[in-house]
Amino acid sequence: MLPVSEDLDFDPNELRARYRAERDRRIRPDGATQYRDVAGEFGFYADDPHADPDFTREPLHDEVEVVVIGGGLGGLLAGARLRQAGVGSIRVVEKGGDFGGTWYWNRYPGIHCDIESYVYLPLLDELGYVPEWKYSPGEEIRRHARAIGEHFDLYRDACFQTAVTELRWDEDAARWIVSTDRGDRMRARYVVMSNGTMDRPKLPGIPGIDTFKGHTFHTSRWDYGYTGGDAGGNLTGLAGKRVALIGTGATAIQVVPHLGRDAQQLYVFQRTPSTVDYRDNRPTDPEWAASLEPGWQRQRMENFLGIVSGGSVDEDLVGDAWTGSARLLRKITAGGQADSLTPEERERAEEILDFRKMNQVRARVDDIVRDRETAELLKPWYRYACKRPTFSDEYLQTFNRPNVTLVDTADHGGVERVTENALVVGDREYEVDCIIFATGFQVAMSDMITGRLPVYGRDGVHLLQHWSRGPRTLHGFYSDGFPNLLTLGAFQNAASVNYAHILDEQASHIAAVVAEAGKRGARWVEPSAESVDAWAAALGENAEELYKFHLECTPGYYNNEGKPHPRQGYAKGATAFHAMLRDWRDNGGMDDVMVIAG
Ligand code: NDP
């Protein structure tokens, strides 16, 4: 018998049919090509509002041990772990004007990390810092990123406001030549790529978008010059303004309460509603902070990852809506009972638990939103993991304000048209003074993979040419033919929602490899073609299952707008991936990537 009561207070068939219908009415034939790149006439959407426009420096033609590309949390962690491993000469090259990555760019009102700060902010133990809130505001994370840069002496040799334009391997010298848009041609023994997977804003390709005469910007480049106020709100510039916000993802959830409070009129243009669970943010208890013993953060991070990655973990140290949902959804599969279920029984049991979770989410909308029609529109009809879950104790409440209107665009493929002064959906025009795009980012598009950053390895072979029959890595970190090039990110390995933790494990791993190469006097680090082939074969064990799951979801970036790619990830999840890496390091794996003679 299934460990889920069949005495249900809902009809699974009805829900299945509803989910399917909600998905079908949102699928667009143009899929992911519906978006516009922020280039050319739209390039200003990606400009850096925080950097010094007059900054200049002399080009560099020197040599360092490691060039780290990207000064976000991944680059900082790589720098920190390499420093701890004894590497003296590290240069971080970063497009923005300071460290922080996503937290450097995103400064919109209400910005917080929706993962608990005690497990998200990196290196808390090392820096002796305990965040002020359970969920940190963006400003605290940016400050912490700078503190990591100071602590590990990464500012000394950093190059900000600099974009790498080419990587070229010089075989004779066993060095990379790193060219940049500031005329640099530096040489490095190692290059660590950590240039982000969601750093490029995207715009919807709405007809007429270029004809709008009012003010516009993307949430990741918030224009406080126009809105007034700061990340804490108080957007005084919006008094008397009619504002349109397009998008209702994790960013919009945090922005909407502030816009609702301060704009004269706010129109929220929604295509698919998010799940909005409770937040319950609170200041850190000083007594608890004082009681923490060394090693506390690692233990908490592992505990959180174990729970959200579907492991069987008894204790829940974080105890929030993330872990609560994960525990609920995994009640069956993580326990011993799972072994006695057939795959079909397991899938059915998981689906029932998912329906229950989503019924709770929908009931919460009814409890909070007073207008019945608006409440119906705000209810998400899809499985919990179809879209990034969100958390807020203010978002849904904002729709009870008389100056806030939810505009449903689901049957129109989104906002249909923009005119000189309005947005058009169906037969209605909404006149506004300002359009704010909360429309997200181009995803999983490291510049190396898109080809925007050309990488030439041994014999001048372009990385994408080498990968013409599919990506080739060992554990996602390095590729044959591209010695001493180490990559962090969510590619051909295992990711999870606490991405900072994932990056930390990756950074620690590559630092261990670099340190070992130094110890052994290796000429360079490079996996054998055989080990790369073996890794490709080991990936994708559950690709079919994931593919089917995502095919049934409403479109979004999780499923490539309704046309899911076969996924290439580590099927057993992040905790198992980290254990596998430890085992690889301890039991001879290093022998495979150390090339001693050239
Ligand atoms: P998303 O890609 O999640 O959301 C984009 C939104 O724009 C969606 O609601 C989408 O609707 C909507 N949209 C796109 N085109 C149109 C159109 N033509 N008309 C109407 N609506 C449209 O971007 P976000 O910036 O919200 O979030 C991106 C990611 O960043 C998150 O998923 C999360 O990983 C991360 N993030 C993390 C936070 C944290 O605290 N850790 C906070 C904020 C973001 P539809 O769904 O129908 O496509």
Side-chain angles (χ1 to χ4, degrees), residues 38 42 44-45 47 49 105-112 138 201-204 206-274 276 369 371 374 377-378 390 392 394-410 412 414-426 428-440:
V38 285
F42 296 105
F44 72 92
Y45 279 100
D47 285 351
W105 298 105
N106 285 280
R107 305 190 191 189
Y108 56 78
I111 185 165
H112 278 71
K202 73 179 193 267
L203 290 180
I206 305 171
I209 193 173
D210 48 342
T211 62
F212 184 64
K213 293 263 193 302
H215 199 72
T216 72
F217 56 91
H218 188 273
T219 47
S220 66
R221 307 289 189 274
W222 195 270
D223 187 352
Y224 285 106
Y226 180 80
T227 66
D230 55 28
N234 199 24
L235 310 172
T236 49
L238 297 183
K241 295 269 179 357
R242 297 158 303 172
V243 176
L245 182 80
I246 304 185
T248 51
T251 299
I253 298 306
Q254 298 184 340
V255 166
V256 159
H258 291 281
L259 292 178
R261 211 170 288 140
D262 295 331
Q264 177 198 314
Q265 172 67 42
L266 172 66
Y267 296 105
V268 178
F269 290 84
Q270 170 186 278
R271 192 164 60 184
T272 316
S274 283
V276 189
V369 179
D371 178 67
T374 306
L377 293 174
L378 285 165
T390 75
S392 173
E394 299 168 278
Y395 174 75
L396 295 170
Q397 289 80 348
T398 304
F399 293 95
N400 291 332
R401 300 182 68 101
N403 64 326
V404 177
T405 306
L406 181 70
V407 183
D408 179 43
T409 70
H412 305 274
V415 174
E416 279 180 290
R417 207 153 40 83
V418 177
T419 68
E420 285 189 3
N421 61 351
L423 290 87
V424 182
V425 180
R428 275 212 59 182
E429 279 198 22
Y430 300 85
E431 276 191 26
V432 293
D433 303 297
C434 170
I435 303 176
I436 303 172
F437 292 99
T439 46

Q: According to side chain to side chain contact (heavy atoms under 4.5 Å, CB included), who are the partners of Asn234, at least two apart in sequence or on a separate chain?
A: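 Applying side chain to side chain contact (heavy atoms under 4.5 Å, CB included) to Asn234 gives Thr236.
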Q: Count the heavy atoms of every other residue, nucleotide or ligand shown that sit under 6.0 Å from CZ of Arg261, and state whether that count exceeds 12.
A: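 It does: Arg261 CZ has more than 12 such atoms within range.
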Q: To the closest 0.5 Å, what do you measure between OG1 (Thr219) and CG (Leu245)?
A: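 Going from OG1 on Thr219 over to CG on Leu245, the span is 8.0 Å.
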Q: Quick one: are Ile436 and Val255 in side-chain contact, heavy atoms under 4.5 Å?
A: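 No, side chains not in contact.
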Q: Any donor-acceptor pair under 3.5 Å linking the side chain of Thr390 with the backbone of Ala250?
A: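 Side chain of Thr390 to backbone of Ala250, a donor-acceptor pair under 3.5 Å: no, none is there.
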Q: Can you tell if the side chain of Leu266 reaches within under 4.5 Å of the side chain of Thr405, non-hydrogen atoms only?
A: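 Result no, sub-4.5 Å side-chain heavy-atom pair not found.
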Q: Show the nearest heavy-atom pair for residues Gly247 and Ala252, with the distance to one decimal.
A: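 Smallest heavy-atom distance, with atoms named: O-CB, 3.1 Å.
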Q: Check side chain to side chain contact (heavy atoms under 4.5 Å, CB included) between Thr439 and all other residues, then give those that pass, not counting sequence neighbours.
A: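 Thr439 satisfies side chain to side chain contact (heavy atoms under 4.5 Å, CB included) with Pro204, His218, Ile246, Phe437 only.
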Q: Side chains of Arg221 and Asp47: does their closest heavy-atom pair fall under 4.5 Å?
A: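 A side-chain contact under 4.5 Å is absent here.
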Q: Please confirm whether the backbone N or O of Asn403 pairs with a side-chain atom of Gln265, one donor and one acceptor, at under 3.5 Å?
A: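 Confirmed, Gln265 side chain pairs with Asn403 backbone.
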Q: Which atoms form the tightest heavy-atom contact between Ala231 and Ile111, and what is the distance?
A: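 Reported closest heavy-atom pair: CB-CG2, 4.2 Å.
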Q: Taking the side chain as everything from C-beta on, heavy atoms only, tell me whether Phe269 gets closer than 4.5 Å to Ile435.
A: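 Not touching, per the 4.5 Å side-chain cut-off.
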Q: Going by side chain to side chain donor-acceptor pair (under 3.5 Å), name the residues that satisfy it together with Glu416, two or more places apart in sequence or in a different chain.
A: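 Side chain to side chain donor-acceptor pair (under 3.5 Å) check on Glu416 returns His412.
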Q: Check each of Arg242, Lys213, Lys241 against Glu431 using the salt bridge (Lys or Arg N to Asp or Glu O under 4.0 Å) test, and report the only one that passes.
A: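 Result: among Arg242, Lys213, Lys241, Arg242 is the only option passing the salt bridge (Lys or Arg N to Asp or Glu O under 4.0 Å) with Glu431.
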Q: Which heavy atom in Asp408 sits nearest to a heavy atom in Arg271, and how many Å separate them?
A: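 That would be OD1-O, 4.5 Å.
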Q: Output every pair passing ring-ring contact (aromatic ring centres under 6.0 Å, His included) with a member in residues 225-250, not counting sequence neighbours, ordered by first then second residue.
A: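 Residue pairs passing ring-ring contact (aromatic ring centres under 6.0 Å, His included), neighbours aside: His215-Tyr226.
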Q: Can you check whether Tyr267 reaches Leu423 side chain to side chain, under 4.5 Å on heavy atoms?
A: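 Side-chain contact under 4.5 Å: no.
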Q: Under the side chain to side chain contact (heavy atoms under 4.5 Å, CB included) rule, collect the residues that match up with Asp210, sequence neighbours excluded.
A: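 Expected list: Glu41, Phe42.
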Q: First locate atom OH of Tyr45, then atom CG of Leu203, and finally report the distance between them rounded to the nearest 0.5 Å.
A: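 Separation between the atoms: 5.5 Å.
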Q: Does some side-chain heavy atom of Phe399 sit less than 4.5 Å from a side-chain heavy atom of Asp371?
A: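 No. Closest side-chain heavy atoms not under 4.5 Å.
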Q: Test of understanding: with side chain to side chain contact (heavy atoms under 4.5 Å, CB included), list the residues that count as partners of Asp230, not counting sequence neighbours.
A: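 Not a single residue meets the side chain to side chain contact (heavy atoms under 4.5 Å, CB included) criterion with Asp230.
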Q: For residues Ser392 and Gln254, is any side-chain donor paired with an opposing acceptor at under 3.5 Å?
A: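 The criterion, which ignores hydrogens and geometry beyond distance, is not satisfied for Gln254 and Ser392.
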Q: Just so I know, are the side chains of Leu235 and Tyr224 near enough to count as touching, which here means a heavy-atom distance under 4.5 Å?
A: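 Result yes, sub-4.5 Å side-chain heavy-atom pair found.
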Q: Rounded to the nearest 0.5 Å, what separation is found between the CZ atom of Arg417 and the OG1 atom of Thr211?
A: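 Taking CZ in Arg417 and OG1 in Thr211, the distance rounds to 9.0 Å.
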Q: Just by modelled atom types, is the Leu377 backbone N or O under 3.5 Å from a matching donor or acceptor in the Gln270 side chain?
A: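 Indeed, once roles are kept as given, a pair shorter than 3.5 Å links the two residues.
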Q: How close do Pro257 and Thr398 get, counting heavy atoms only, and between which atoms?
A: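 Between these two residues, the closest heavy atoms are CA-OG1, 3.4 Å.
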Q: Testing the basics here: between Ile206 and Val418, what is the closest heavy-atom pair and its distance to 0.1 Å?
A: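 Smallest interatomic distance, heavy atoms only, reads CG2-CG2, 3.8 Å.
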Q: Can you tell me how far apart CG (Leu378) and CG (Leu406) are? Round to the nearest 0.5 Å.
A: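 Reported value, rounded in 0.5 Å steps: 5.0 Å.
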